[in-house]
Amino acid sequence: MSDGMMEEHDPELLALFAQAEHDLPGEDFVAGVSAAIDRARQRRRVRNVSLACLFVLLEWLLDTPLSQGLGQLAVALESTLVPVTTPWLQLLLAPVNSLAGVVGLSLLLLHSIYRRVWN
Amino acid sequence: MPLRAGHYAEGAEALLVALALKGDVRAFEELTRRRQSWIRQLLRRCCLDEHLADDLAQEVFLTAWRKLRQLQEPDRLAGWLQRIAITTWLQHQRRAQLPTGPVVVEELPAADRRPDVARDLDRALATLPADQRLCVVLSYHEGHSHNEISQMTELPLGTVKSHIARGSAALREHLASYRSRT
């Protein structure tokens with residue numbers, strides 16, 4: 001029983017509500033719920049299989065352009081922003097002196113701004 | 001490991017919740033079996049329509065099955081289910097744009113199988129506007145405090161108090177013939 005019973009309640013109304021209580025037979029209802037759960041699970045299974053098929057189909061159709069695009073992206077990300085000729089300086093600046101480095105640092109910065117704003 | 005067929009009926013609720021979380025439908029069926037009467041009666045008192053209440057109750061258990069992972073503490077299943085039931089009812093009310101006023105008594109389904117007290121209580125509840133009825137049911141049927149009702153229904157505390165006061169007065173008037181019997 002919760003605090004509700006501490007508040008003002010008409011005892012006669014409480015008694016009437018209690019008298020009106022009766023157990024409802026549940027087997028049909030439980031069967032209905034089980035059938036609804038089965039249908040929901042089946043729908044989810046069909047959706048997952050459809051998504052998987054769609055993914056495979058897209059992967060098959062876009063195989064060549066995708067691999068070419070990814071290759072070009074990898075090359076672009078590796079490209080240096082500022083040409084450095086000294087080998088040791090080149091190594092030292094490698095993490096930031098590329099498009100990938102700038103993208104990575106930008107993402108870190110955005111993440112920290114997001115955390116400061118929302119926390 | 002799933003329980004043996006006969007053991008579900010004896011299993012503790014928290015254990016059944018844990019099994020249902022692992023996808024054991026029979027454990028969830030047992031939970032439904034134990035809680036269905038209470039949830040259906042709560043919804044029947046709210047909407048005063050047996051068939052609609054049962055449909056909504058089915059929706060409640062289906063939602064519970066889908067969102068079971070959101071239940072942080074398995075021993076709080078009852079309160080969690082009740083919240084889903086109230087949300088489902090309020091959403092249905094908004095979606096179906098049900099009249100918020102009293103229900104016309106003649107429209108209540110004939111329920112000859114039910115005890116008279118239940119029928120008369122439903123008839124008396126039908127005279128209350130929907131929000132007032134929900135507050136009275138949550139207070140008298142479920143034993144919730146005004147604060148809890150305010151949180152559940154998202155109604156201001158003052159409104160909840162006035163709904164319960166007015167609703168109780170109206171019920172007392174409609175059920176005056178029972179006063180000497182109780």
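A, B, ... follow the sequence lines: proteins, then strands. Residue 1 opens every chain. These numbers come from the heavy atoms of this one structure, side chains and all, not from hydrogens, waters or symmetry mates.
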J.: Short question: side chain of His9(A), backbone of Ser139(B) - any donor-acceptor pair under 3.5 Å?
T.: yes

J.: To the nearest 0.5 Å, tell me how far Leu125(B) CG sits from Phe17(A) CZ.
T.: 4.5 Å

J.: Atom CZ of Arg41(A) and atom CZ of Arg66(B): how far apart are they, to the nearest 0.5 Å?
T.: 13.0 Å

J.: Measuring from atom CZ of Arg40(B) to atom CG of Asp23(A), what distance do you get when rounded to the nearest 0.5 angstrom?
T.: 10.5 Å

J.: Side chain, backbone, both or neither: which part of Arg44(A) has an atom under 4.5 Å from a heavy atom of chain B?
T.: neither

J.: Taking side chain as everything from C-beta outward and backbone as N, CA, C, O, which of these in Pro25(A) sits under 4.5 Å from a heavy atom of chain B? Side chain, backbone, both or neither.
T.: backbone

J.: Should we say atom CG of Asp38(A) is surrounded by more than 12 heavy atoms from elsewhere, each under 6.0 Å from it?
T.: yes

J.: Parallel, tilted or perpendicular: which fits the ring planes of Phe61(B) and Phe29(A), with parallel below 30° and perpendicular above 60°?
T.: perpendicular

J.: With a 3.5 Å cut-off and sequence neighbours excluded, list the donor-acceptor pairs that the side chains of residues 85-110 of chain A form with protein atoms.
T.:
from: Gln90(A); atom 1: NE2; to: Val84(A); atom 2: O; distance (Å): 3.4
from: Asn97(A); atom 1: OD1; to: Leu81(A); atom 2: N; distance (Å): 3.3
from: Asn97(A); atom 1: OD1; to: Val82(A); atom 2: N; distance (Å): 2.9
from: Asn97(A); atom 1: ND2; to: Val82(A); atom 2: O; distance (Å): 2.7
from: Ser98(A); atom 1: OG; to: Gly101(A); atom 2: N; distance (Å): 3.1
from: Ser106(A); atom 1: OG; to: Val102(A); atom 2: O; distance (Å): 2.6

J.: NE2 of His22(A) to CD of Gln41(B): how many Å apart, nearest 0.5 Å?
T.: 5.0 Å

J.: Just wondering, are more than 12 heavy atoms of other shown residues or ligands nearer than 6.0 Å to CZ in Arg166(B)?
T.: no

J.: Between Tyr140(B) and Leu16(A), is there a donor-acceptor pair closer than 3.5 Å when you use the side chain of the first and the backbone of the second?
T.: no

